[in-house]
Every structure is written in C-alpha cells, then in structure tokens.
Amino acid sequence: MNRLVALPALPALLVLSCGLSACTDEASATWKKGLEEELRRIDDEAPGDLGVYIKHLGDDAQLRYNAERFWYLGSAVKVPIAVALLQGIDDGEHRLDEQLSLQTEDKVDGSGDLVWQDEGVDYSLRDLLTEMLIESDNTAANMLIRLVGEDELNQRTRKNMGGDGFERITTFTQVRRDVYGEVHPDAAKLENIQLVELAAARFSEPRYEALVEVLQVERSELKAASMEQAYARYYARKLNSSTLVAYGALLEKLVRGELFSEASRDVLYADMKIDSYDNYRLEAGLPEDVPFIHKTGTQLERACHVGVIEPRDEARAIVVAACAEGLDEGKEAGQLFERVGQAITRALLRADPEES
C-alpha cells in the first residue's frame, strides 16, 4: 500500500500560479473551509454536540470547531499525567525502573485489573505507564498521581497547556466521590472498596439506589434525583476538563520536542500506540498505514479522542483533539469520531478513506 501524503503537498495549479508562501496560505484556507463545513454537517446529523481542534504543524494552520469551550476529558487526562511523570524522570526525580507499591487508597473501578491485586505489591513506573495508557487503568493513574503529587501535576499541566484553558485534574477516586457527592455530601466519606462495589450496580437507577443504601441517609436529604442529574452537576464544575485548544497545545509541544527528552517521548509514543492500528473511533477513519498516537476518554454521555497523525514527522504532523457530549459515549461517539477521521483523511491526507 502506498503511503498517503499529507499537507503541505499543494495542488499543481496553485504551485504554477503563486509563490510558495501564498500557495501555502491558499491551500490552508481551502482545507480549513472545506473541513469546517464537513464537521458542521457531521455535527448536525449526529446526536449531541461535537468539538474539534485540528492543527497542521507543517503549515501552522489550525481549525477550531467549538474548540474554545471546556470539554470533560475523562481518561484523556492520562496523557497529561504521563507527561508530568516523564518530565519528573527527565529532571532526575524518578526513574522508569523505580518501584511503587499499590495501596488501598489507590484502588478504584474502571478499566484494567490492578484494582483486584493485593495491596503492597510493587510495580515499576514503566509498567504503570503502560497500564494507565494502553489498558486505561484508573488505579494505575491514581498511583502515578500519588507519586507525582496532585499539585505538582496540575502546575506542570497548566504550563504544558499554555497557562489557561484548563481546570484541575483530580484522582479518579475523587471523580467518583465528587459525582456521588452531588447526590449527598456524605459520599466524601466513602471508602475505596465501597466505590468499587457501587460500580458493580447496574446504571442508572440500581446504582442510585445502591448509593442511597450505602450512605444510609433520608431521601429528603438527597440533592440529586438521579445519577444522570448528579453527573450533569459534576460536569458543570469543569473539573478534569480543558479547552481543545489547550489540549492541542500540549500535543503540539510533545511533537515539537518541547516537553522532555527524545527518550521520554519515545516511551510515550509507544504507550500511545504508535505501532498499532485499532480501527477505533478517529483511527477507524484514517488510513491504516498512517502512524497515529492517541488516547480516548469516556464517561456518561461524554467522550474524547485525542492524538497526533504522523507524530514523528513534524512537517507532516496533524494534531487532533475531538470531544462530544449529550450522546451514548460508546457506539454513537465511536461512529461520530470515525466520521471526523474520514473527513480529516479527505481534507488533509488527500485520499478517500473508503479506498485506503
């Protein structure tokens, strides 16, 4: 299969009729206008709301579609966590082969199986990075946040994202307590094992009833009438959220080598699946032979997929950050992001994704 060529390759007519700078500007204007129109069409036809930020690092052109508002990131916050850890490693504060012990307070429900392992077992930071990014293990993420320090993590992330457009990252345990706290403030006292047990209750009414039972409070004291209402109130607080512009700035700095050493960047690229093709979400709309580093994030009616196309070639690299809300975070979000990937392929990779 022939490798597809991304911008800044230019149409022959433009090359003949203008200087290189003017050609680049005209080509950028062309892809942005056409792609924005297609994104708007995709958004209009899909449930919920869509936000997309795209930047082609070769021509420095960017497209912002609902990208300046805050979006809940879900597990997409695991990339900033990984970046903060690797920066600490480059600074000599930690080592990849350093061992970290699993503690009871680290355990939380979600992807991965660390939650079911014995307390006191040691794991290398390298293995925890892989668990957090590839398996999206929330317990591994909690362990690394504990190591880095929540304040240090947020200070580094604010700087890495450009200073604004970002709200505080918390542990995944705190996410659960904050959501349940919208039902009743006593949720702040729930132990980790109680949070894990609550996740076993089917969403949403059985989960709500299980929460009320474990809290042992009067129904007249409840602040939210359903889990859906509790999540909506939690999202309104903008914790673990950012603008797509700010998240895109983080990814751009990563590709341009402005965050840490090349060795650390290679570690992150490997755990962001540069050498695999998942046929999933944005990647399902991209050609199979185009390298793509990426991370997904989902929670109730919220989904994000962020990454960089051709991250090892700065002149061809394309930063993409896409989020959606008000839809099923699984199938509907997956189909929506696939269509966004197909649109990017047509606009910037010069091919019909159905033919790749």
Side-chain angles (χ1 to χ4, degrees), residues 1-7 54-58 73-87 89-90 95-97 111-114 123-137 140-141 144 247-248 250-298 303-322 334 337-338 340-342 344-345 348-351 353 355-356:
M1 183 181 298
N2 294 327
R3 178 167 291 283
L4 299 172
V5 179
L7 283 175
I54 299 169
K55 185 169 183 179
H56 192 295
L57 302 192
L73 298 172
S75 284
V77 301
K78 291 168 181 171
V79 175
I81 295 169
V83 168
L85 174 67
L86 289 167
Q87 287 178 327
I89 288 172
D90 276 4
R95 305 182 320 276
L96 281 175
D97 62 357
S111 301
D113 62 0
L114 281 180
Y123 298 89
S124 72
L125 301 190
R126 183 68 191 88
D127 288 343
L128 289 174
L129 269 175
T130 298
E131 289 296 317
M132 178 178 72
L133 292 172
I134 293 184
E135 302 301 329
S136 205
D137 194 300
L144 293 177
Y247 203 106
L250 171 74
L251 295 175
E252 180 178 352
K253 289 179 182 179
L254 171 63
V255 172
R256 295 194 188 278
E258 298 174 5
L259 294 178
F260 36 53
S261 67
E262 186 174 347
S264 289
R265 187 169 58 176
D266 287 344
V267 167
L268 187 55
Y269 280 7
D271 283 350
M272 291 181 73
K273 303 181 180 180
I274 192 169
D275 294 321
S276 65
Y277 179 80
D278 291 339
N279 192 31
Y280 176 70
R281 300 191 178 239
L282 283 173
E283 195 168 24
L286 302 176
E288 291 186 33
D289 64 340
V290 174
F292 183 49
I293 59 170
H294 58 103
K295 185 73 185 80
T296 60
T298 60
C304 291
H305 199 183
V306 298
V308 184
I309 300 166
E310 294 279 13
R312 289 190 174 124
D313 186 342
E314 190 173 321
R316 296 166 54 156
I318 302 169
V319 169
V320 184
F337 290 147
E338 181 176 355
V340 172
Q342 292 170 344
I344 291 170
T345 295
L348 286 167
L349 301 179
R350 305 301 190 195
E355 299 175 357
S356 60

Checklist entry - With no hydrogens and no angle check, is any side-chain donor or acceptor of Tyr247 less than 3.5 Å from a backbone partner on Leu73? => result no
Item to check | Which residues share a salt bridge (charged side-chain N to carboxylate O under 4.0 Å, His left out) with Asp113, sequence neighbours left out | outcome: none
Item to check | Within-4.5 Å side-chain heavy-atom neighbours: Ile293 and Leu254 | outcome: yes
Item to check | For Asp97, side chain to side chain donor-acceptor pair (under 3.5 Å) partners two or more places apart | outcome: Arg95
Checklist entry - To the nearest 0.5 Å, how far apart are CG in Leu282 and OG1 in Thr345? => result 9.5 Å
Checklist entry - NZ/Lys55 to CG/Leu57 distance, rounded to the nearest 0.5 angstrom? => result 6.5 Å
Checklist entry - Got a sec, which residues hit side-chain contact (heavy atoms from CB on, under 4.5 Å) with Gln87, two or more places apart in sequence or on another chain? => result Val83, Arg156, Asn160, Leu259, Phe260
Checklist entry - Is there a side-chain contact (heavy atoms from CB on, under 4.5 Å) between Leu348 and Ile54 once you walk through the steps? => result CA-CA 10 Å; Leu348 286 167; Ile54 299 169; 4.0 Å; yes
Item to check | For Lys253, all residues meeting salt bridge (charged side-chain N to carboxylate O under 4.0 Å, His left out), sequence neighbours excluded | outcome: none
Checklist outcome for this item: Residues Val255 and Ala317: closest non-hydrogen pair is CG1-CB, 4.0 Å
Next on the checklist: Please determine whether the number of non-hydrogen atoms from other residues, nucleotides or ligands lying under 6.0 Å from atom CD of Glu258 exceeds 12.
Outcome noted: yes
Next on the checklist: Can you pull out every ring pair (Phe, Tyr, Trp, His ring centres under 6.0 Å) where at least one residue sits in residues 267-294? Sequence neighbours excluded, please.
Outcome noted: Phe292-His294, Phe292-His305, His294-His305
Checklist entry - Do the non-hydrogen side-chain atoms of Val267 and Arg126 ever get within less than 4.5 Å of each other? => result yes
Checklist entry - For Ser111, what residues pass the side chain to side chain donor-acceptor pair (under 3.5 Å) criterion, not counting sequence neighbours? => result none
Item to check | For the student: nearest non-hydrogen atoms of Ala82 and Leu268, plus distance | outcome: CB-CD1, 3.8 Å
Checklist outcome for this item: Those residues at least two apart in sequence (or on a different chain) that pass side chain to side chain donor-acceptor pair (under 3.5 Å) with Ser261 are Asp90, Ser264
Checklist outcome for this item: Separation between CG (Leu144) and CG (Leu129), nearest 0.5 Å, reads 5.5 Å
Checklist entry - Can you tell me how far CD1 of Ile134 sits from NZ of Lys295, rounded to the nearest 0.5 angstrom? => result 10.0 Å
Checklist entry - Nearest heavy-atom pair of Asp137 and Gly112: which atoms, and what distance? => result OD2-CA, 3.1 Å
Checklist entry - Roughly how far, to the nearest 0.5 Å, is CG of Leu349 from CD of Gln342? => result 12.0 Å
Item to check | Those residues that, when tested against Arg256, pass salt bridge (charged side-chain N to carboxylate O under 4.0 Å, His left out) (two or more places apart) | outcome: Asp60, Glu252, Glu314
Checklist outcome for this item: Applying salt bridge (charged side-chain N to carboxylate O under 4.0 Å, His left out) to Asp278 and not counting sequence neighbours gives Lys273
Next on the checklist: On a heavy-atom basis, which atom in Pro80 and which in Leu250 lie closest, and how many Å separate them?
Outcome noted: CG-CD2, 3.9 Å
Next on the checklist: Taking side chain to side chain donor-acceptor pair (under 3.5 Å) as the definition, give me every residue that meets it alongside Thr296, ordered by chain and number, with sequence neighbours left out.
Outcome noted: none
Next on the checklist: Under the rule for side-chain contact (heavy atoms from CB on, under 4.5 Å), what residues qualify as partners of Thr298, not counting sequence neighbours?
Outcome noted: Arg281, Ala303, Glu329
Checklist entry - Rounded to the nearest 0.5 Å, what separation is found between the CD1 atom of Ile344 and the CD1 atom of Ile318? => result 7.5 Å
Item to check | salt bridge (charged side-chain N to carboxylate O under 4.0 Å, His left out) assessment of Arg312 paired with Asp266 | outcome: CA-CA 10 Å; Arg312 289 190 174 124; Asp266 287 344; 5.1 Å; no
Item to check | Heavy-atom donor-acceptor pair, Lys78 side chain to Ser136 backbone, under 3.5 Å | outcome: yes
